[in-house]
*Asks:* 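Let me begin by handing over the structure; questions about it come next.
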Amino acid sequence: MNMTNVPVLFVIFLSIHVAHNLASQSELKVQKTKEEVKGKPIKEETIFFHHDFEKMVELMIEVNRACPDITRLYNLSEPSVEGRNLTVLEITENPGVHEPGKPEFKYVGNMHGNEVVGKEMLLYLMVALCEEYKKDSPLAKFIVSQTRVHILPSMNPDGWQAAYDEMQEKGDAGWLTGRSNANDVDLNRNFPDLNAKIYENERKHEGRNNHLVKVDKAIKMDKTLQPETKAVMRWLAQIGFVLSANLHGGDLVANYPYDETRSGKSQEYTACPDDHAFVYLAKSYAYFHGTMADPQRPPCDKGGDNKPITNGGSWYSVAKGMQDYNYLNTNCFEITLELGCNKFPPAAELESFWMENAAALFNYILQVHIGVKGFVKSVDGSPIANAEIKVTNLASGLPIDHDILSLEGGDYYRLLGDGYYNLTVDVDGFYPSTRCVHVTNTMHVGSEDFIPAPQVDFFLTPEDQPQPERIEAIRTCNDLWSEVHHETQLDDRDLLISVLSYLEPSTKWSFISGELSTVQLYYRLAQGLRRLQPEQMREILRLLPHAFQEQLEMVIAATMQDN
């Protein structure tokens, strides 16, 4: 999906439709309130007000009562420092169990207690999903039937209370009041620092590239971990999440890994192996948001910019963050969403925030169905857990150096951007198996049909049996390679030679290019760009055609991790 071609009017109309359905509250009871924030009264009989902890839980209970067949309430393993439960609402058909083949999705809000918009958006989303499902909305029906959605509206309820109390007392909350938990610890700087470990593995070309630490051991060894952090770590270890977003405030941008720079610099584009997929995921929210991708909107910071998406390291380096922890210690891809310049806006503005975010919140959930999924089983049909799913980009011939693992039911979910890929499954005691796929993602709000990721199953033969022939798989890979080779031979060669000549004028590219395929030229260009400073690289990329950039991005994503 090309995010720049999103039907903007449709997105606006959808946001209005969902928001108005939510505001009407035809079947859900809502709390009356005469609360005032910054002197602006909130209308009675509305859901658009700042929910304290008790009101938040009450609303979650009301949603559960209104849609008992598709919802379940549960608490994480540890409460907050001050004893407030970290309460989650699950929304799916057959709640309470993982159904192999159905991906797990989560939203987390209010990690910084004074960044409150995300918390309210997630409460409204719960109501909207319930109401729209009961009205047989195709979008809601697809999400609920094909996805297991978990929503944690407040990861830091103690911080929220501190910020709210200061708001009530002074009419405004300080920029940092309530940001940390009740022990004055920033929860987004409190997870195990796995970036240092993965960067060391990259330098040595050895060690794991996923699931880097055992959670119980990490919690036992690190006494600085907060109860809220430990609860989330155990939650991630228990449920095989595939996709997630962490909702923040203070800016307006979609941020993607890595957050911590490889070099230790305070700002430097730091691509993870799945950079291509993460750019796609960040755009899937930003371009369905009401204003995030509007080039005319003013930046939050006068000295900043208004880009809709950003790499975390390019923005500013963050160590021990939850976003990178998800990627490096679980199967889950997580991005961070900054939802507005004002961290704690007046309650009178919350309905407008919902109108801006409704379509994007729905659209991002749909992205859990991109890429490929399937099952890893023995030839006798038994599911195989913890098999490594390895991916190589056919266009560049280079691996995406981040493996995911199959779950207990043998099911796996591999998020990928558009492109051609080789998937290899490897597990001890079995011969490896390979399949090739062409991924074309079309999942977005406004689709006429919601089609889940194509299913690619693997049936592995134990090593104590004769090794099977893979004639059909080899034929498919060869056919797709021919397709890749054909597509990249179109009109790219002259432009490739021109850019290479600009980057490396001492090399006689016109002379040696006849000995190189187009794919090899792309690879040489990716290598040349990698040696530039990030801003120099971006300046060159801005001059190139969009289709050319997409092809080049896949090669850069595959090579950047060796930087």
*Asks:* Are Glu115 and Arg179 ion-paired here, with the side-chain N under 4.0 Å from a carboxylate O?
*Replies:* yes
*Asks:* Between the side chains of Asn441 and Asp418, is a donor N or O closer than 3.5 angstrom to an acceptor N or O?
*Replies:* yes
*Asks:* Run through Tyr364, Phe142, Phe105, Tyr413 and flag the one making a ring pair (Phe, Tyr, Trp, His ring centres under 6.0 Å) with His369.
*Replies:*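 It is Phe142; the other options fail the test.
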*Asks:* Report yes if the side chains of Ile47 and Tyr124 come closer than 4.5 Å at any heavy-atom pair, otherwise no.
*Replies:*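 Yes, close enough: below the 4.5 Å cut-off.
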*Asks:* Return yes if a side-chain donor-acceptor contact under 3.5 Å exists between Thr177 and Asn114, otherwise no.
*Replies:*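 Looking only at side-chain atoms, Asn114 and Thr177 do not form any donor-acceptor pair under 3.5 Å.
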*Asks:* Is it true that Asp186 and Arg189 have a side-chain N and a carboxylate O under 4.0 angstrom from each other?
*Replies:* yes
*Asks:* If we check side-chain contact (heavy atoms from CB on, under 4.5 Å) with Asn331, which of these qualifies: Leu407, Asn210, Val242?
*Replies:* Leu407
*Asks:* Can you confirm if the aromatic rings of Phe278 and Tyr327 lie within a centre distance of less than 6.0 Å?
*Replies:* yes
*Asks:* Which word best sums up how the rings of Phe49 and His51 line up, parallel for under 30°, tilted for 30 to 60°, or perpendicular for over 60°?
*Replies:*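 It falls in the parallel class, under 30°.
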*Asks:* Less than 6.0 angstrom from the centroid, inside 45 degrees of the normal: does Lys141 satisfy that with respect to the ring of Tyr133?
*Replies:*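 Ring-cation test returns yes.
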*Asks:* Would you please test Asp158 and Phe53 for side-chain contact (heavy atoms from CB on, under 4.5 Å) and show each step?
*Replies:* CA-CA 9 Å; Asp158 300 349; Phe53 180 77; over 6 Å; no
*Asks:* Do the ring centers of Tyr280 and Phe333 come within less than 6.0 Å of each other?
*Replies:* no
*Asks:* Give a yes-or-no answer on whether the side chains of Asn311 and Tyr258 include a donor-acceptor pair shorter than 3.5 Å.
*Replies:*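 Looking only at side-chain atoms, Tyr258 and Asn311 do not form any donor-acceptor pair under 3.5 Å.
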*Asks:* Are Gln226 and Asn190 close enough that a side-chain donor and a side-chain acceptor fall under 3.5 Å?
*Replies:* no
